[in-house]
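These notes are about the structure you will find just below.
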Amino acid sequence: MIRSSNPDLDLTIARVIKAPRSVVWSAWTNPASFEQWWVPAPAKCKVLKMALRPGGSFVTQISENGGDFTPHLSGCFLAIDDLERIVFTNALVGGWRPAEQPFMTAMITLQDHPMGTDYIAHVMHKNNADRKMHEEMGFYDGWGTVTEQLAKLAEQRA
Amino acid sequence: MALPSFMKHIHCLEGSGMIHTRKEGRVRTCAIEKKQFAAVEAWLTEQRALWEGRTDRLERFVTAARKKEKSK
């Protein structure tokens, strides 16, 4: 696997998840399961398209505060290696058509680990100049909400 | 690097607000815009928090599903 890295534009989240690789894979690739964790509660996620093949469409919607579902992610899968790797981008949409507002490619890798699954999300961004645009778009699950979620999680575990 | 090429880079940085420059006679002084750099860093931090959150929720989802299965 060729993985380019740029510390100013990339981020890597690595986590050991205490569940077998097949369970993590199905949580990611089964739309009904994916909808349950992709966005922070109480927002709701709806998967419109999840065509798990290179060039396959990946489209989700989000509903905040019980409102209508609005576009969230619109992208395309680049690589699907069963139980091992999912690569998608929003630089392209289904069928490799160039997207309107590209900014990232994400590579999800799963490996066996004695405790379960070694889960790595490597996310590469185009540049930081798009930042303002994201703010204007009302980039939803941002800092505040996620921090709150993290706090709740920590409290539950404490 | 030739001066014209160098100036292109400088203008690009200035255009994106990362630096500001001022010219006195033949000397151009460049200064970093700290605020802009901080904003860029904050943006990536936000992206990181978003992905951390997703990974947390995925982890909880699969481990909760496992517990349910075991208790069946």
Side-chain angles (χ1 to χ4, degrees), chain A residues 7-28 33-41 45 103-104 106 108 116-117 119-125 127-132 134-135 139-150 152-154 156-157, chain B residues 1-24 27-72:
Chain A
D8 295 332
L9 301 175
D10 299 357
L11 57 90
T12 304
I13 310 285
R15 193 76 57 87
V16 174
I17 298 179
K18 289 178 188 165
R21 209 145 53 101
S22 58
V23 174
V24 180
W25 180 265
S26 98
W28 226 109
S33 301
F34 181 88
E35 285 172 352
Q36 293 185 50
W37 60 266
W38 185 246
V39 302
C45 170
F103 71 91
M104 67 98 185
I108 311 294
T117 305
Y119 179 89
I120 300 170
H122 182 67
V123 191
M124 298 168 280
H125 298 98
N127 59 38
N128 286 308
D130 292 339
R131 180 181 77 255
K132 278 196 185 124
H134 299 160
E135 280 163 10
F139 212 74
Y140 171 72
D141 33 355
W143 191 223
T145 320
V146 175
T147 310
E148 209 174 290
Q149 294 264 137
L150 276 173
K152 264 188 202 163
L153 179 74
Q156 280 168 6
R157 285 184 178 172
Chain B
M1 191 188 276
L3 184 61
S5 314
F6 192 79
M7 282 313 295
K8 264 189 197 166
H9 286 271
I10 294 293
H11 284 142
C12 179
L13 285 170
E14 193 165 25
S16 64
M18 302 306 280
I19 63 168
H20 66 263
T21 74
R22 87 196 130 77
K23 201 176 178 190
E24 281 173 35
V27 179
R28 184 179 290 276
T29 311
C30 304
I32 284 176
E33 288 287 359
K34 279 189 192 156
K35 259 192 195 165
Q36 192 69 11
F37 271 87
V40 163
E41 201 178 81
W43 176 81
L44 195 62
T45 303
E46 186 162 327
Q47 299 304 309
R48 172 172 290 279
L50 198 152
W51 279 92
E52 290 271 9
R54 278 174 193 157
T55 311
D56 285 341
R57 293 189 296 272
L58 171 64
E59 185 178 12
R60 261 181 294 171
F61 177 76
V62 294
T63 50
R66 294 264 297 155
K67 272 180 200 158
K68 255 188 216 166
E69 258 174 39
K70 274 181 190 166
S71 65
K72 263 178 200 169

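All chains are named by letter (A, B, ...) in the order of the sequence lines, taking the proteins before the strands, and each is independently numbered beginning at 1.
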Which atom of [X] lies closest to which atom of [Y], heavy atoms considered:
X       : Y       : answer
B:Asp56 : A:Arg15 : OD1-NH1, 2.5 Å
B:Glu59 : A:Val16 : OE2-O, 3.7 Å
B:Val62 : A:Val24 : CG1-CA, 4.0 Å
A:Asp10 : B:Leu44 : O-CD2, 3.8 Å
B:Thr55 : A:Ile13 : OG1-CG2, 3.6 Å

Is it the side chain or the backbone of [X] that comes within 4.5 Å of chain B heavy atoms, both, or neither?
X        : answer
A:Ala121 : side chain
A:Ser33  : both
A:Val123 : side chain

Keeping the roles fixed (side chain from B:Arg54, backbone from A:Trp37), state whether a donor-acceptor pair exists under 3.5 Å. no
Mind checking the CH2-CD1 spacing from B:Trp51 to A:Ile108? Nearest 0.5 Å is all I need. 4.5 Å
Is there a side-chain contact between B:Arg57 and A:Gln36 in this structure, where contact means two heavy atoms from C-beta onward sitting under 4.5 Å apart? no
